[in-house]
Amino acid sequence: QVQLVESGGGLVQPGGSLRLSCAVSGSIFSFLRMGWYRQAPGKQRELVATISGGNTNYADSVKGRFTISRDNAKKTVYLQMNSLKPEDTAVYYCNTVPYGSWGQGTQVTVST
């Protein structure tokens with residue numbers, strides 16, 4: 001069973017940056033394929049970035065702006081988000097890929 005605690009969200013202006021963190025416990029973290037998901041109001045949850053070993057993948061909507069990384073010693077996954085747009089506004093969640101139980105997520109709001 002994997003437990004997930006996301007943090008780092010907030011209110012930011014368009015063009016700004018945020019760094020999200022996800023602390024993972026309860027499993028052999030280094031072997032897990034991890035991902036960041038998001039859910040905007042009225043929309044389905046979508047997978048925006050994944051990391052497995054040294055390989056990363058991104059949704060087209062965030063490619064070139066977001067960077068996923070991990071620190072296996074700290075059992076933590078990060079999402080660096082640059083050049084944020086209003087359409088990036090959502091609750092962001094980390095989870096395994098495929099996903100298991102969800103954490104509480106962290107709200108990201110991009111607005112003037």
Side-chain angles (χ1 to χ4, degrees):
Q1 184 74 14
V2 175
Q3 292 83 45
L4 308 156
V5 179
E6 301 94 339
S7 62
L11 173 64
V12 63
Q13 292 188 345
S17 298
L18 282 174
R19 188 193 195 206
L20 306 183
S21 299
C22 174
V24 183
S25 62
S27 189
I28 305 174
F29 175 75
S30 60
F31 293 97
L32 297 175
R33 185 183 183 200
M34 297 298 300
W36 281 97
Y37 302 73
R38 69 184 181 187
Q39 186 167 21
K43 295 187 177 181
Q44 289 190 332
R45 197 169 300 186
E46 62 171 336
L47 179 61
V48 297
T50 65
I51 186 166
S52 179
N55 298 316
T56 59
N57 286 283
Y58 300 92
D60 288 344
S61 58
V62 306
K63 199 171 293 183
R65 300 187 298 120
F66 290 12
T67 302
I68 188 171
S69 61
R70 67 195 296 163
D71 185 330
N72 288 338
K74 294 182 177 180
K75 292 189 175 182
T76 302
V77 184
Y78 304 98
L79 186 68
Q80 178 67 44
M81 305 186 295
N82 298 329
S83 302
L84 283 161
K85 304 175 181 180
E87 51 263 44
D88 295 318
T89 295
V91 180
Y92 284 72
Y93 304 85
C94 73
N95 211 321
T96 55
V97 180
Y99 59 81
S101 298
W102 296 99
Q104 84 287 352
T106 186
Q107 175 71 48
V108 172
T109 302
V110 185
S111 175
T112 55

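Along the sequence shown, residues carry numbers from 1.
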Full working for side chain to side chain contact (heavy atoms under 4.5 Å, CB included) between Val2 and Val24:
CA-CA 7 Å; Val2 175; Val24 183; 3.5 Å; yes
Pair Thr89-Glu87, side chain to side chain contact (heavy atoms under 4.5 Å, CB included): steps then yes or no:
CA-CA 5 Å; Thr89 295; Glu87 51 263 44; over 6 Å; no
Tell me, with the steps shown, if Phe29 and Thr76 meet side chain to side chain contact (heavy atoms under 4.5 Å, CB included).
CA-CA 9 Å; Phe29 175 75; Thr76 302; 5.8 Å; no
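Applying the ring pair (Phe, Tyr, Trp, His ring centres under 6.0 Å) test to residues at least two apart or on different chains, the pairs with a partner in residues 64-102 are Tyr37-Trp102, Tyr93-Trp102, Tyr99-Trp102. For residues 50-112, the set of pairs meeting the disulfide bond (SG atoms under 2.5 Å apart) definition, not counting sequence neighbours, comprises Cys22-Cys94. The salt bridge (charged side-chain N to carboxylate O under 4.0 Å, His left out) contacts involving residues 65-86 comprise Arg65-Asp88, where partners must be two or more places apart or lie in separate chains. Legend: side-chain hydrogen bond (donor to acceptor under 3.5 Å, both in side chains) pairs involving residues 12-21, not counting sequence neighbours, sorted by first then second residue: Ser17-Asn82. Residue pairs meeting the salt bridge (charged side-chain N to carboxylate O under 4.0 Å, His left out) criterion with at least one member in residues 91-112: none, sequence neighbours excluded. The disulfide bond (SG atoms under 2.5 Å apart) contacts involving residues 35-67 comprise nothing, where partners must be two or more places apart or lie in separate chains. The salt bridge (charged side-chain N to carboxylate O under 4.0 Å, His left out) pairs that include a residue from residues 93-107 number zero, where partners must be two or more places apart or lie in different chains. The salt bridge (charged side-chain N to carboxylate O under 4.0 Å, His left out) analysis of residues 21-34, with sequence neighbours excluded, yields no pairs.
Atom CE of Met81 and atom CH2 of Trp36 lie 8.0 Å apart (nearest 0.5 Å). With values rounded to the nearest 0.5 angstrom, Thr67 atom OG1 is found 10.0 Å from Ile51 atom CD1.
With sequence neighbours excluded, no residue forms a salt bridge (charged side-chain N to carboxylate O under 4.0 Å, His left out) with Arg45. With sequence neighbours excluded, the residues satisfying side chain to side chain donor-acceptor pair (under 3.5 Å) with Gln3 are Ser25.
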Report, one line per pair, each donor and acceptor closer than 3.5 Å where one atom sits in a side chain of residues 54-61; sequence neighbours left out.
from  : atom 1 : to    : atom 2 : distance (Å)
Tyr58 : OH     : Ile68 : N      : 2.9
Asp60 : OD1    : Lys63 : NZ     : 3.2
Ser61 : OG     : Arg38 : NH2    : 3.4

With a cut-off of 3.5 Å and sequence neighbours excluded, list every side-chain donor-acceptor pair involving residues 105-112.
from   : atom 1 : to     : atom 2 : distance (Å)
Thr106 : OG1    : Gly9   : N      : 3.0
Gln107 : NE2    : Ala90  : O      : 3.4
Gln107 : NE2    : Thr109 : OG1    : 3.3

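Side-chain contact between Val97 and Met34 is absent, with no heavy-atom pair separated by less than 4.5 Å. Between Gln104 and Glu6, the closest side-chain pair of non-hydrogen atoms falls below 4.5 Å.
The backbone N or O of Gly100 sits less than 3.5 Å from a side-chain atom of Asn95, completing a donor-acceptor pair.
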